[in-house]
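Comments concern the structure below.
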There are 2 protein chains.
Amino acid sequence: MDVELVIAQASLALRERGERLTGPRRAVLAVLAASPGHLSAEQVFDGVSAVAPGVHRASVYRSLEALTAAGLVSHVHVGHQGARYHLADAGRNHLHASCQRCGVVIDLAPDALDAVAADLTANHGFRLDPSHVALSGICRECLKAM
Amino acid sequence: MDVELVIAQASLALRERGERLTGPRRAVLAVLAASPGHLSAEQVFDGVSAVAPGVHRASVYRSLEALTAAGLVSHVHVGHQGARYHLADAGRNHLHASCQRCGVVIDLAPDALDAVAADLTANHGFRLDPSHVALSGICRECLKAM
DNA sequence: CTGCTTGCAAAGTGTTTGCAGGCCC
DNA sequence: GGGCCTGCAAACACTTTGCAAGCAG
């Protein structure tokens with residue numbers, strides 16, 4: 001993911017909301033853009049600290065919150081672990097599954113839960129937000145090791 | 001759910017594991033058996049306190065853990081909220097979806113994710129544990145209120 | 001300059017653990 | 001009466017918040 005592009009988009013999106021693109025927020029975006037995966041808040045904090053020492057942990061949380069509200073970042077809840085963060089997809093967000101043994105998060109196709117979503121709407125009037133929580137199970141590697 | 005029956009089963013299941021059916025554990029089972037829904041640990045603690053005052057919050061957590069290990073209780077992780085507990089189904093556990101706005105948990109058919117589970121196995125070698133996390137979305141009532 | 005943001009520290013949830021005494025079986 | 005379990009208190013992980021100073025635009 002191109003950091004420059006992400007930051008340019010962020011500047012616009014934030015300004016539209018009367019907010020600002022600051023050092024800590026820039027660093028958070030850079031860390032997320034540089035990472036292939038899904039980072040915990042602590043991992044984002046570590047990454048930010050490497051790039052911009054002195055940024056406080058609380059600012060990382062507040063930055064993630066602001067960037068989420070602006071539609072630039074998404075988070076996924078993973079079982080009993082904390083949330084994981086990643087840049088929001090341009091269009092539709094992909095889905096996630098996580099291993100309850102080793103914690104790894106794998107990406108799934110955006111349409112993997114479409115049938116379930118339709119079923120929930122029809123039978124329960126419930127609107128599914130499929131990308132907001134990770135499905136839980138055991139990954140390939142852990143299955144081998146058991 | 002019949003409390004007497006549950007407690008009798010629990011006594012056996014625990015003894016098989018070299019563990020004991022104690023006052024606090026009995027109270028936890030009674031509270032879960034008396035509740036139709038899915039309780040947070042705090043709600044279980046409140047219920048236990050009403051039946052058996054003096055039981056410590058930590059004992060409720062430890063009881064829930066022990067009863068889970070013995071296969072008598074199940075828990076579901078609900079988004080950023082804490083876990084919810086309920087008596088384990090006799091056979092296959094039902095699934096859950098929770099409202100990210102009001103927190104209500106609704107039960108789903110045990111086979112609601114079968115197609116997804118098959119897909120995950122085939123494409124990622126991932127074994128889904130469908131009852132362990134609640135799907136997330138907005139419930140009917142909250143949709144009306146938006 | 002205006003006021004959104006930050007750093008700091010402290011408080012808040014939800015949950016776990018070490019320890020000495022207590023109770024189940 | 002042996003050893004699993006409990007109550008207590010403190011620690012824990014993760015996250016949020018009040019406040020005064022700081023920086024973006």
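By convention in this document, chain letters (A, B, ...) are assigned in the order of the sequence lines, proteins followed by strands, and residues within each chain are numbered from 1.
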In this structure, how many angstroms lie between the [atom2] atom of [N] and the [atom1] atom of [X], rounded?
X: B:Gln43; N: C:dT13; atom1: CD; atom2: P; value: 15 Å
X: B:His56; N: C:dG21; atom1: NE2; atom2: P; value: 18 Å
X: B:Phe45; N: C:dT16; atom1: CZ; atom2: C1'; value: 16 Å
X: A:His80; N: D:dC14; atom1: NE2; atom2: P; value: 10 Å
X: A:Gln81; N: C:dT15; atom1: CD; atom2: P; value: 15 Å
X: B:Leu14; N: D:dG3; atom1: CG; atom2: C1'; value: 16 Å
X: A:Leu29; N: C:dT5; atom1: CG; atom2: P; value: 13 Å
X: A:Glu42; N: D:dC12; atom1: CD; atom2: C1'; value: 13 Å

**Asked** Looking only at side-chain N and O atoms, does A:Ser63 come under 4.0 Å of OP1 or OP2 in C:dT6?
**Response**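 Yes.
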**Message:** Let's go through B:Lys144 and B:Glu141 carefully: what are the C-alpha distance in whole Å and the side-chain angles of both, what is the deciding distance for salt bridge (charged side-chain N to carboxylate O under 4.0 Å, His left out) to 0.1 Å, and is it a yes or a no?
**Reply:** CA-CA 5 Å; B:Lys144 277 188 207 155; B:Glu141 306 310 317; 3.6 Å; yes
Between [X] and [Y], is there shared hydrophobic-cluster membership here, with clusters defined by ILVMFWY side-chain heavy atoms closer than 4.5 Å?
X: A:Val3; Y: A:Leu29; value: yes
X: B:Leu113; Y: A:Ile106; value: yes
X: A:Leu120; Y: B:Val78; value: no

**Request:** Start with the C-alpha gap between A:Leu135 and B:Leu135, add the side-chain angles, then the distance that decides, and say whether side-chain contact (heavy atoms from CB on, under 4.5 Å) holds.
**Result:** CA-CA 8 Å; A:Leu135 296 173; B:Leu135 297 173; 4.0 Å; yes
**Message:** Mind checking if A:Arg57 touches a base, just sugar-phosphate, or nothing, with heavy atoms under 4.0 Å?
**Reply:**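 It contacts base atoms.
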**Asked** Between C:dT5, D:dT17, C:dG7, which nucleotide gets closest to the side-chain atoms of A:Ala58?
**Response**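 For the A:Ala58 side chain, the nearest candidate turns out to be D:dT17.
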**Item:** Minimum-distance nucleotide (side-chain atoms of B:Tyr61 versus C:dT16, D:dT6, D:dA9)
**Value:**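 Selected nucleotide (nearest to the side chain): C:dT16.
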Could you pull out the protein-nucleic contacts involving nucleotides 19-25 of chain D (nitrogen or oxygen on both sides, under 3.5 Å)?
from, atom 1, to, atom 2, distance (Å)
D:dA24, N3, A:Arg20, NH1, 3.1

**Prompt:** So which heavy atom on A:Ala88 is nearest to which on A:Gly71, and how close?
**Reply:**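 Closest pair (atom of A:Ala88, atom of A:Gly71, distance): CB-O, 3.4 Å.
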**Test of ring centre spacing under 6.0 Å for A:His132 and A:His75** =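 Close enough - the centres of the two rings lie under 6.0 Å apart.
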